[in-house]
Amino acid sequence: MSIITDETNFEKSFDINKKNQNIKAETIEFDRNFENSIRPKSFESYIGQSALKETLKITIEAAKKREMPLDHLLFYGPPGLGKTTLAGVIAEQMGVDIKITSAPALERPRDIIGILMSLKGGEILFIDEIHRLNKVAEEILYPAMEDFFLDMTTGKSQTVKTLRVPLPKFTLIGATTKAGELSGPLRDRFGIIHRLEFYTDEELSQVITRTAGLLNIEITKDGALAIARRSRGTPRIANRLIKRVSDYALVKSDGKITENIANKALDTLKIDICGLDSTDRSLLKMIIEKYDGGPVGIETLAAALGEDVRTLEDVCEPFLLQAGLLQRTPRGRKVTPAALRHLGYKNASEQQSLF
Ligand code: ADE
C-alpha cells in the first residue's frame, strides 16, 4: 500500500535513541512527521474504538470475498480520535492505495475532478473536514459516489453538451467533526456512518505505552495512566503530552516517566487533573465571572476571549460537554455545578473563586 498526500507519510519509520540525541535539523523534521510515524497500521495495533473495528473487519472481509471495493464510509467525532489513522488501517487491510486530502483543498471544480480522475480501481479517497466541501464540489461528488461517473459539460449556452466520464470504482472515506453540517444528500450517499468515541483512561494508557515504546521512552504503568488521565480522552493529545513529559523527565530526572514525574510535568504545563488547559479554564471562567454562569452565545464568548469560534466549538467544547462541565442550551452555553466545583467557585452568582 502506498499513501499519496502532501504532508502525510504513514510509511515513514524511524528509530530514535532519545538518550544520545543532539538537537539538529532532523528534530524539526521529526516533529512534523511525529504523528504520522507513530500511527498504527493494523487493527491489532490500533487501540480503542472496538465496536467500530469489529464492524469494519467484517465489512472489509465481505468486500474482499465479493472482490468489490468497500462501501463509502463516513467517520465523525471530535478531532484527534483517529479518523485519518483508521482510514490508513482500512487501506492497509484492503491492500489498496489511499489518497488523502481535505475539503478546503478542493475549492475549485478542477481540484475535485483532478483527484477523482487520478484514482485507480479500488483505491480509497480520504476527504477530511468533508462538511466544508462547497456546493459545486458536492454536486460533482454525487454521481461519482453513486454510479462512478463524472458528469462534465462542454461548450456554451445553446451548444452545451453533457458528457458522462466513467471513473474506476473507488471508496470515499469522509471525516468530519460536524456531522450535522453535512448536507442530507451527501450524508445519504455513505453506506457506513460511524461516530468515533473518546478513549477511556485505560485505552489511552495503552496508546501512551505503545508510543513510548516506539520512541524508546521508559515509562511506568502509573506514569502512563497519569498522562492518560489528563489527555481528554484523545490519543493525539496523549501522544503530544508524552513528548513534553519526556522532555521534563530528561531534564529534571533520569529520563524515566514515573507517576510523580508525569504529574509534576503536567502541573508545570498548566494541564489540570481533568486535562483542562488554560483556554478551557478561561472559557469556563469567562462564563462564570462575566455572564453569571450563562447562558451566553458562542460568538460573544469567542469575541471576549479573542479566540476563533471554530476553535472553541471543535477543540474545547466537545470534551467540556462530555466531561459534564459545560451545557449547550438553545439560548447559549452554560457552566454546570461540576465546573464551578472543579474551578473552586462556591456558585456562579457569588463569582468568588476559592483559589
Ligand atoms: N496513536 C494514535 N491513535 C492510536 C490508536 N488508536 N491506537 C494506537 N496508537 C495510536
Side-chain angles (χ1 to χ4, degrees), residues 1 3 5 7-16 18 30-57 59-60 73-94 98 100 102 124 126 128-129 173 175-177 192 194-221 223-246 257 262 266 271 275 314-315 318-319 322:
M1 180 196 69
I3 286 152
T5 153
E7 287 191 350
T8 314
N9 186 354
F10 287 92
E11 305 284 82
K12 199 157 191 162
S13 63
F14 61 93
D15 179 25
I16 289 163
K18 181 181 60 64
F30 158 71
D31 251 31
R32 242 167 60 100
N33 287 324
F34 171 71
E35 198 173 332
N36 296 326
S37 326
I38 57 169
R39 285 185 202 272
K41 295 175 183 68
S42 66
F43 283 121
E44 288 65 43
S45 54
Y46 187 102
I47 295 153
Q49 313 294 345
S50 37
L52 173 54
K53 274 195 308 191
E54 286 319 304
T55 310
L56 289 174
K57 279 185 201 166
T59 312
I60 290 172
L73 290 145
L74 178 70
F75 294 144
Y76 68 98
L81 298 189
K83 296 185 277 293
T84 315
T85 306
L86 209 46
V89 170
I90 292 169
E92 189 76 35
Q93 300 297 302
M94 288 294 292
I98 178 168
I100 298 179
S102 77
I124 293 178
F126 179 84
D128 203 6
E129 298 192 72
I173 304 184
T176 177
T177 49
I192 301 169
H194 231 289
R195 185 187 143 85
L196 273 80
E197 304 292 342
F198 280 113
Y199 289 60
T200 63
D201 288 349
E202 179 48 41
E203 286 167 345
L204 276 188
S205 126
Q206 285 176 40
V207 170
I208 290 162
T209 306
R210 174 183 177 273
T211 304
L214 288 173
L215 301 178
N216 285 333
I217 293 170
E218 235 191 303
I219 189 163
T220 65
K221 210 168 179 301
L225 200 56
I227 300 177
R229 285 201 190 101
R230 301 200 203 188
S231 296
R232 314 163 58 108
T234 308
R236 182 181 292 156
I237 295 179
N239 284 335
R240 276 198 207 129
L241 291 181
I242 298 173
K243 287 204 298 173
R244 298 287 76 82
V245 174
S246 166
I257 302 178
L266 295 166
I271 293 167
D314 293 357
V315 182
F319 180 72
Q322 148 97 12

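Read the numbers this way: they start at 1 and go in the same order the structure lists the ligands and their atoms. Residues take their numbers from the sequence shown, with the count starting at 1. Computed from heavy atoms alone, side chains included, the values below leave out hydrogens, waters and symmetry copies.
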Could you check if a side-chain atom of Phe319 sits within less than 4.5 angstrom of a side-chain atom of Thr234, using non-hydrogen atoms only? no
Counting from 1 in the order shown, the ligand 1 atoms closer than 4.0 Å to a non-hydrogen atom of Pro235 are 2 (C), 3 (N)
Counting heavy atoms under 4.0 Å, the part of Ile47 that contacts ligand 1 is both
Top protein contact for atom 8 (C) of ligand 1, by heavy-atom distance: Ser45 O, 3.4 Å
For Tyr199, counting its heavy atoms only, list the atoms of ligand 1 lying under 4.0 Å from any of them. 6 (N)
Test of understanding: given a 4.0 Å heavy-atom threshold, classify the contact between Arg236 and ligand 1 as side chain, backbone, both, or neither. neither
Assess Pro40 for proximity to ligand 1: is some non-hydrogen atom of it under 4.0 Å away? yes
Under a 4.5 Å cut-off applied to non-hydrogen side-chain atoms, are Arg210 and Pro40 in contact? yes
Applying a 4.0 Å heavy-atom criterion (strictly less than), which segment of Asn239 is in contact with ligand 1: side chain, backbone, both, or neither? side chain
Going by side-chain hydrogen bond (donor to acceptor under 3.5 Å, both in side chains), name the residues that satisfy it together with Tyr76, two or more places apart in sequence or in a different chain. none
Evaluate whether atom NZ of Lys57 has more than 12 neighbouring non-hydrogen atoms of other residues, nucleotides or ligands under 6.0 angstrom away. yes
How close do Thr84 and Arg39 get, counting heavy atoms only, and between which atoms? CB-NH1, 3.8 Å
Output all residues satisfying side-chain hydrogen bond (donor to acceptor under 3.5 Å, both in side chains) with Thr211, sequence neighbours left out; order by chain, then residue number. Asn239
Looking at Glu35, Lys53, Arg210, the heavy atom closest to atom 9 (N) of ligand 1 belongs to Arg210
